[in-house]
Structures are given as C-alpha cells and as structure tokens.
Undergrad: 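I have a structure I would like to understand better, so I am pasting it below and will then ask my questions one at a time.
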Amino acid sequence: MWEESTIAKVLFSEEDIKKRAAELGAEITKDYQGKKPLLVALLKGSVPFMAELIKHIDLDLQYDFMDVSSYEGTESTGDVRIIKDLDTNIRGLDILLVEDIVDTGRTLATIRKVLLARGARSVEIVTLLNKPSRRVYDLRVEYAGFEVGNEFVVGFGMDFDQRYRCLPYVGVLKEECYKK
C-alpha cells in the first residue's frame, strides 16, 4: 500500500482503538448517568474516533461539530480560530469535547473557556491520544485513549497536510515526509 513506505511504525492497531473506545464509552456511560451529554467533535481529525466512541456510550446523547484551527503543517500557530461554530444552544448542557489528539492544550483550553462562557454546565475532554510532553497549558483530560510521546502521528483521523486521515490505525510518520 502507498502508506507503508511513509509510516515508520504502527502505534495502535484498529483493534486496539476499538477496544479502548469501548472502555472509554463504558466509563463515560457510568460517569454521565442521568445526564444527556452533548458530544462536540472538533473537525476533522476527531470524526473517526467519535464515530467509534458513540457506539459504546449507552446514554441518550447528542452530538455537534466545531471546526477550529491553530495549526499550519506540523506546528501550532498559537492563534485559535473558530471556522465552523456549533448549531446547538449549549446553555445548561454537559459537554464532552471529542478530540483526536491533545498536544499543547492551547486549542482545547480556548474552546473550553468559550463554551463555559456561553453557559455550558460542564465541559470535559475525551481524546484518542494524549501527548503530555508537549503541553504548554494546564489542561485536565478526563478521558484519554492512549498516551504518546513526542512523535508525529497520523491515521484514524489525524493527518499531515490532509493526507493519512483514513488509515485504520495510528502510526508514526517518517520524519523525511514532513521535514524539508
């Protein structure tokens, strides 16, 4: 396949991801009993993870999408922009932000503040990958699928210049593919 020559190693297989999503879904189901959470997927990378996760949450939940950006290529610009906002009135709702990877924490810290200022009752985070070694914001991640080191990961929604999102696993992109 075309990607085999550009992937240094597979970190988490499709089976690993499905198993962990089931575990996270069970935790969320338990923690949100009696509530009707709104899952907010941050486009585009979190969509495959959210699609897998919601299969395992046994609650009457809703979901919506935001498109936010703070990256160009492999680096954060430091400027968080909302490109597509929510369609849902969030006043009084318990929100669970769904992310593909938490890196510096800048984007999620900003979005969390925005949603709380709009009247959300609570805003928690669920992510497929947590990368605490790069964190520059003090950000609590309530539900994390896997912890990763400081490697450039792609697949299962995560991309490099819009490529690799559809890989059914999470892998490390070879450095020569993104360093010029």
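A quick note: this is a predicted structure, and the numbers were derived from the prediction, not measured.
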Undergrad: Does K113, at its NZ atom, have more than 12 non-hydrogen atoms belonging to other residues, nucleotides or ligands within less than 6.0 Å?
TA: no
Undergrad: Taking only Lys NZ, Arg NE, NH1 and NH2, and the carboxylate oxygens of Asp or Glu, determine whether K55 and D58 approach each other closer than 4.0 Å.
TA: no
Undergrad: For residues I82 and L116: do they belong to one hydrophobic cluster (side chain heavy atoms under 4.5 Å, members Ile, Leu, Val, Met, Phe, Trp, Tyr)?
TA: yes
Undergrad: Evaluate whether atom CG of D138 has more than 12 neighbouring non-hydrogen atoms of other residues, nucleotides or ligands under 6.0 angstrom away.
TA: no
Undergrad: How long is the gap from CD on E99 to CD1 on I111, to the nearest 0.5 Å?
TA: 9.5 Å
Undergrad: Is there side-chain contact between I7 and L167, with at least one heavy-atom pair below 4.5 Å?
TA: yes
Undergrad: Looking at G145, is its backbone amide N or carbonyl O close enough to the side chain of R20 to form a donor-acceptor pair, meaning the two atoms are under 3.5 Å apart?
TA: yes
Undergrad: Could you go step by step and tell me if V40 and V98 meet the side chain to side chain contact (heavy atoms under 4.5 Å, CB included) rule?
TA: CA-CA 6 Å; V40 175; V98 182; over 6 Å; no
Undergrad: Does L24 belong to the same Ile/Leu/Val/Met/Phe/Trp/Tyr cluster as L59, with side-chain heavy atoms less than 4.5 Å apart forming each link?
TA: yes
Undergrad: Check whether more than 12 heavy atoms from other residues, nucleotides or ligands sit under 6.0 Å from atom CZ of F146, and answer yes or no.
TA: yes
Undergrad: Any salt bridge linking R134 with E151? Criterion: basic side-chain nitrogen under 4.0 Å from a carboxylate oxygen.
TA: no
Undergrad: Assess whether side chain to side chain donor-acceptor pair (under 3.5 Å) is satisfied between Y143 and D31, documenting all intermediate values.
TA: CA-CA 11 Å; Y143 307 97; D31 293 347; 2.6 Å; yes
Undergrad: Return the CD to CG distance between E142 and L97, rounded to the nearest 0.5 Å.
TA: 9.0 Å
Undergrad: Quick one: CZ on R135 to OG1 on T104, what's the gap to the nearest 0.5 Å?
TA: 8.0 Å
Undergrad: Let me see the working for S133 and N150 under side chain to side chain donor-acceptor pair (under 3.5 Å), right down to the final yes or no.
TA: CA-CA 7 Å; S133 65; N150 193 18; 5.0 Å; no
Undergrad: Evaluate side chain to side chain contact (heavy atoms under 4.5 Å, CB included) for M158 paired with V170, printing each intermediate quantity in order.
TA: CA-CA 8 Å; M158 290 165 280; V170 172; 3.7 Å; yes
Undergrad: Please report the C-alpha distance between I83 and V68 in whole Å, then the side-chain angles of each, then the deciding distance to 0.1 Å, and finally whether the side chain to side chain contact (heavy atoms under 4.5 Å, CB included) criterion is met.
TA: CA-CA 5 Å; I83 298 164; V68 297; over 6 Å; no
Undergrad: Between D161 and Y178, do the side chains contain a donor N or O and an acceptor N or O under 3.5 Å apart?
TA: no
Undergrad: Provide the closest heavy-atom pair for F49 versus T127 in the form atom of the first, atom of the second, distance.
TA: CE2-C, 3.6 Å
Undergrad: Do you know which two heavy atoms are closest between G157 and D100, and how far apart they sit?
TA: O-OD2, 4.3 Å
Undergrad: Salt bridge check, E15 against K19: does any charged N sit closer than 4.0 Å to a carboxylate O?
TA: no
Undergrad: Is the shortest heavy-atom distance from the side chain of L86 to the side chain of F65 under 4.5 Å?
TA: no
Undergrad: Are F12 and Y169 linked, directly or through intermediate hydrophobic residues, by side-chain heavy-atom contacts shorter than 4.5 Å (ILVMFWY only)?
TA: no
Undergrad: Among all residues two or more places apart in sequence or in another chain, which pass the side chain to side chain donor-acceptor pair (under 3.5 Å) test with E124?
TA: R140
Undergrad: Quick one, R112 and I125 - any side-chain contact, counting heavy atoms below 4.5 Å?
TA: yes
Undergrad: Answer yes or no: is there a side-chain heavy-atom contact under 4.5 Å between I28 and L96?
TA: yes
Undergrad: Is L43 reachable from L128 through a run of I, L, V, M, F, W or Y residues, each pair having side-chain heavy atoms under 4.5 Å apart?
TA: yes
Undergrad: Indicate yes or no: at least one non-hydrogen side-chain atom of F160 is less than 4.5 angstrom from one of F152.
TA: yes
Undergrad: Contact between E147 and K131 at the side-chain level, heavy atoms closer than 4.5 Å - yes or no?
TA: no
Undergrad: Flag the pair R118 and D85 as a salt bridge only when some basic side-chain nitrogen lies within less than 4.0 angstrom of an acidic carboxylate oxygen.
TA: yes
Undergrad: List for me each residue that meets salt bridge (Lys or Arg N to Asp or Glu O under 4.0 Å) alongside K44, sequence neighbours excluded, and say none if there are none.
TA: none
Undergrad: Check the pair K179 / E176 against side chain to side chain contact (heavy atoms under 4.5 Å, CB included), numbers first and verdict last.
TA: CA-CA 5 Å; K179 293 263 177 150; E176 61 263 21; over 6 Å; no
Undergrad: Should L115 and V102 be regarded as members of a common hydrophobic cluster, given that ILVMFWY residues are connected when their side-chain heavy atoms come within less than 4.5 Å of each other, either directly or indirectly?
TA: yes
Undergrad: So D67 and L42, do their side chains get closer than 4.5 Å, heavy atoms only?
TA: no
Undergrad: Using the salt bridge (Lys or Arg N to Asp or Glu O under 4.0 Å) criterion, which residues pair with R81? Sequence neighbours excluded.
TA: none
Undergrad: Taking it one step at a time, do T88 and D64 satisfy side chain to side chain donor-acceptor pair (under 3.5 Å)?
TA: CA-CA 7 Å; T88 307; D64 202 344; 2.7 Å; yes
Undergrad: E52 side chain to P48 main-chain N or O, any donor-acceptor pair under 3.5 Å?
TA: no
Undergrad: I'd like to check V153 versus I101 (side-chain heavy atoms, cut-off strictly below 4.5 Å). Are they in contact?
TA: yes
Undergrad: Taking atom OG of S13 and atom NZ of K18, what is their separation to the nearest 0.5 Å?
TA: 10.0 Å
Undergrad: Of all the heavy-atom pairs spanning F156 and P168, show the shortest one and how long it is.
TA: CD1-O, 3.6 Å
Undergrad: Got a second to check how far D103's CG is from L129's CG, nearest 0.5 Å?
TA: 10.5 Å
Undergrad: Looking only at heavy atoms, which two atoms of A144 and N130 are closest? And how far apart?
TA: CB-CB, 4.0 Å
Undergrad: With rounding to the nearest 0.5 angstrom, report the OH to CD1 distance, Y32 to I57.
TA: 9.5 Å
Undergrad: On a heavy-atom basis, which atom in T107 and which in V80 lie closest, and how many Å separate them?
TA: CA-CG2, 3.9 Å
